[in-house]
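Sequence lines set the chain letters: A, B, ... in the order given, protein chains first and strands last, and positions in each chain run from 1.
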Amino acid sequence: MSARIRIRSALAGEGLGNEIMIKGWVRTIRAGKEVAFLALNDGSCFANLQVVAEPRLANFADICAIGTGAAVAVRGILVESPASGQRYEIHAEEVEVIGAADESYPLQKKRHTFEYLRSIAHLRPRSNTFGAVFRVRSSVAQAVHRFFAERGFLYVHTPIITTSDCEGAGEMFRVTTLDPAAPPLLEGEVDFSRDFFAAQAGLTVSGQLEGELFAQAFSDIYTFGPTFRAENSNTPRHAAEFWMIEPEMAFADLMADAALAEEFFRYLCRHVLDACGEDMAFFNDHIDKGLIARVEQVANSSFAIMEYGEAIERLTKATVKFEYPVEWGLDLQTEHERYLTEQVVGGPVFVINYPKYIKAFYMRMNDDDKTVAAMDLLVPKVGEIIGGSQREERLHVLEGRMAEVGVNPEGLWWYLDSRRWGSTPHAGFGLGFERLIMNLTGMENIRDVIPFPRTPRHAEF
RNA sequence: UCCCCAGUAGCUCAGUCGGUAGAGCAGGCGGCUGUUAACCGCCUUGUCCGUGGUUCGAGUCCGCGCUGGGGAGCCA
């Protein structure tokens, strides 16, 4: 009895001329009197392996009745295919139905809309598109770790549950064990001192602040974990639960930060082109026609850097009409970002040194006292993909900024302590993993690049 | 949260001027074929999202609601 090999190996010709064993799920079956063909997929690669079954097999009639979606094991000889359409195929000696699938199997051998496939998220990974998406997602996640490992970055697991309600990045989901029907009250308010953590707790909206603490010990660190936002955002780019990558470097300024972001992003573009060719070809053909050229261009270009002030100037002089106003002091809208990266630069561009009023309190104040050392990486088609900054390492300046924007320093005493002893100039950035995957695959909805998406009103599966 | 669009067979959709619904695919039966989302013939399938209204009569027009999608805001 041969041991099972993956279809990816079989399609690479491993075991050619010999008996092999494969196991997978039937994508389509074409049965006739003289011969039956099964297209089998086990998730190891995009392509199916064609199984050829002949009437001499004892259970040939049963084989012909196998439905789309059934799990089968096939023992047979791997041979070169006499017909066009595939290089290799397996001539079955034995076909065993491991798990049958009847006609009610919701995934038909035809095109479905992404909306419908979202309603069967438990089955959609068995489709072409989602097979490709989740192979790429896995591969890119591993490449992220490899990138940082190769550069000596420490991988830190920052907490999922936090009691600091002032991380400053949106609404938090509450974490509590109090009885929602009858919470303990103190002067009319919920008494969270009697809650599990003796404080109001929530799910993290960012691991950055804790990441900074680790950077002040390990020099270069990164986080890569789930992040939660309780915003009622109904867009193709927002999810309530998503994964974020946040590197942080001690003894680093904004330019070092931008250099890392550029190296990182180009590394990942190169990675999908090199490691996910078959899946990328599918995306390029069926999802986003210009995808490979665009990813190739990013992988090969060196990124421009533009001051926020210059960006405003360029936008003011633009001949196209924008829906939203352009003025120094206002944030850039997606339409502005895309104009800058697509029309002005024609490639990825960092916009740096934004007005302090539109950026977070922890970003380092520049000498002009008007701007902070922030950077956004803008890329064609999507706009901002990476946001980062040099952090304010001077205790009194940081305290001043917190007072200015109304952040309560009490809950962040530990964060301020990192500026009290051995403070260093440091910088980091954040990258939404799903948005990265969208950019690398051409998929246009975040719900279609995360296995089981959580969005307002949706937490099924 | 605001704005716009949509909801008809298991899936993807059509449905004219308001007159009780149709195609392709899927499924069933038969045929044919080293086939390629095979092909050919026959057959089955409906709470037309819900609700109220206008009308002799509503899938179709109007109000409200629900659900989904897109745009915006927020943001990664």
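In this model, the phosphate group of B/rG70 is approached by a side-chain N or O of A/Arg447 to a distance below 4.0 Å at OP1 or OP2. Residue A/Thr113 places at least one side-chain N or O under 4.0 Å from the OP1 or OP2 atom of B/rU12. OP1 or OP2 of B/rU12 has not a single side-chain nitrogen or oxygen of A/Arg111 nearer than 4.0 Å. Side-chain nitrogen and oxygen atoms of A/Thr28 include at least one within less than 4.0 Å of the OP1 or OP2 phosphate oxygen of B/rA38. In terms of phosphate contacts, A/Arg457 brings a side-chain nitrogen or oxygen within less than 4.0 Å of OP1 or OP2 of B/rG68.
With rounding to whole Å, A/Arg118 atom CZ is found 16 Å from B/rU12 atom C1'. Between the CZ atom of A/Arg27 and the P atom of B/rA38 there is a distance of 13 Å, given to the nearest Å. Nucleotide B/rG68 holds its P atom 16 Å from the CG atom of A/Leu117, rounded to whole Å. Atom CZ in A/Phe114 sits about 11 Å away from atom P in B/rG70, given to the nearest Å. Rounded to whole Å, the distance from CG on A/Asn48 to C1' on B/rU35 is 14 Å. When rounded to the nearest whole Å, the span between CG of A/Leu377 and C1' of B/rC75 equals 16 Å. Whole-Å rounding puts the A/Leu49 CG to B/rG34 C1' distance at 15 Å. One interatomic measurement links the two molecules: CG of A/Leu38 to P of B/rU35, which rounds to 16 Å at whole-angstrom precision.
Taking the six-membered ring for Trp and thresholds of 30 and 60 degrees, A/Tyr116 and A/His112 have ring planes inclined between 30 and 60 degrees apart.
A/Ala239 comes within 4.0 angstrom of a base, heavy atoms only. Within the 4.0 angstrom heavy-atom criterion, base atoms lie near A/Ser81. Contact annotation for A/Ala31: base contact, defined as any heavy-atom pair under 4.0 Å involving a base atom. Contacts of A/Glu434 with the nucleic acid, taken as non-hydrogen atoms under 4.0 Å apart, are absent. At a threshold of 4.0 angstrom between heavy atoms, the contacts of A/Ser84 include nucleobase atoms, whether or not backbone atoms are also involved.
Nucleotide B/rG22 forms a Watson-Crick or G-U wobble pair with B/rC13, both donor-acceptor distances falling under 3.5 Å. In a base pair of the Watson-Crick type (N1 to N3 plus N6-O4 or O6-N4) or a G-U wobble (N1-O2 and O6-N3), with each distance short of 3.5 Å, B/rU1 is matched with B/rA72. A 3.5 Å limit on both hydrogen-bonding distances identifies no Watson-Crick or G-U partner for B/rU60. Base pairing of B/rG41: its partner is B/rC29, meeting the Watson-Crick or G-U wobble criterion (both donor-acceptor distances under 3.5 Å). Shown here, B/rU67 forms a base pair with B/rA6; the pair counts as Watson-Crick or G-U wobble because both key distances fall under 3.5 Å.
With A/Arg364 as reference, A/Gln390 is the one residue of A/Gln390, A/Arg391, A/Arg401, A/His426 to meet the side-chain contact (heavy atoms from CB on, under 4.5 Å) rule.
Candidate nucleotides B/rC75, B/rU36, B/rA26 were compared by shortest atom distance to the side chain of A/His238, and B/rC75 ranks first. Of the listed nucleotides (B/rG34, B/rU12, B/rA72), B/rG34 has the atom at the smallest distance from the side chain of A/Ala83. For A/Asn445, the side-chain atoms get nearest to B/rG69 when compared with the rest of B/rG69, B/rU67, B/rC25. Side chain of A/Arg229, nearest nucleotide from B/rG73, B/rC32, B/rC75: B/rC75. Among the nucleotides B/rG34, B/rU1, B/rC74, the one closest to the side chain of A/Asn234 is B/rU1. Here B/rU35 is the nucleotide among B/rG31, B/rU35, B/rC74 with the atom lying nearest to any side-chain atom of A/Glu89. Here the side chain of A/Tyr324 is nearest to one of B/rG68, B/rU36, B/rG73, namely B/rG73. Between B/rG34, B/rC75, B/rG70, one nucleotide has an atom nearer to the side chain of A/Pro236 than all others, and that is B/rG70. Taking every side-chain heavy atom of A/Arg237 into account, B/rG71 is the closest of B/rU35, B/rG71, B/rG31. Of the candidates B/rG34, B/rU1, B/rG31, B/rU1 carries the atom nearest the A/Asn232 side chain, counting heavy atoms from C-beta on.
Comparing the C1' positions of B/rG70 and B/rU45 gives a spacing of 32 Å, expressed to the nearest Å.
Of the N and O atoms on the side chains of A/Ser418 and A/Gln216, not one donor lies less than 3.5 Å from an acceptor on the other residue.
Side-chain N or O atoms of A/His336 include none that pairs as donor or acceptor with a backbone N or O of A/Ala311 at under 3.5 Å. Formation of a donor-acceptor pair under 3.5 Å by the A/Arg137 side chain with backbone atoms of A/Val449 is found in this model.
Contact of the A/Asn445 side chain with the A/Phe114 side chain is not registered, since no non-hydrogen atoms from C-beta on lie closer than 4.5 Å.
A salt bridge links A/Glu263 with A/Arg151: at least one charged nitrogen is closer than 4.0 Å to a carboxylate oxygen.
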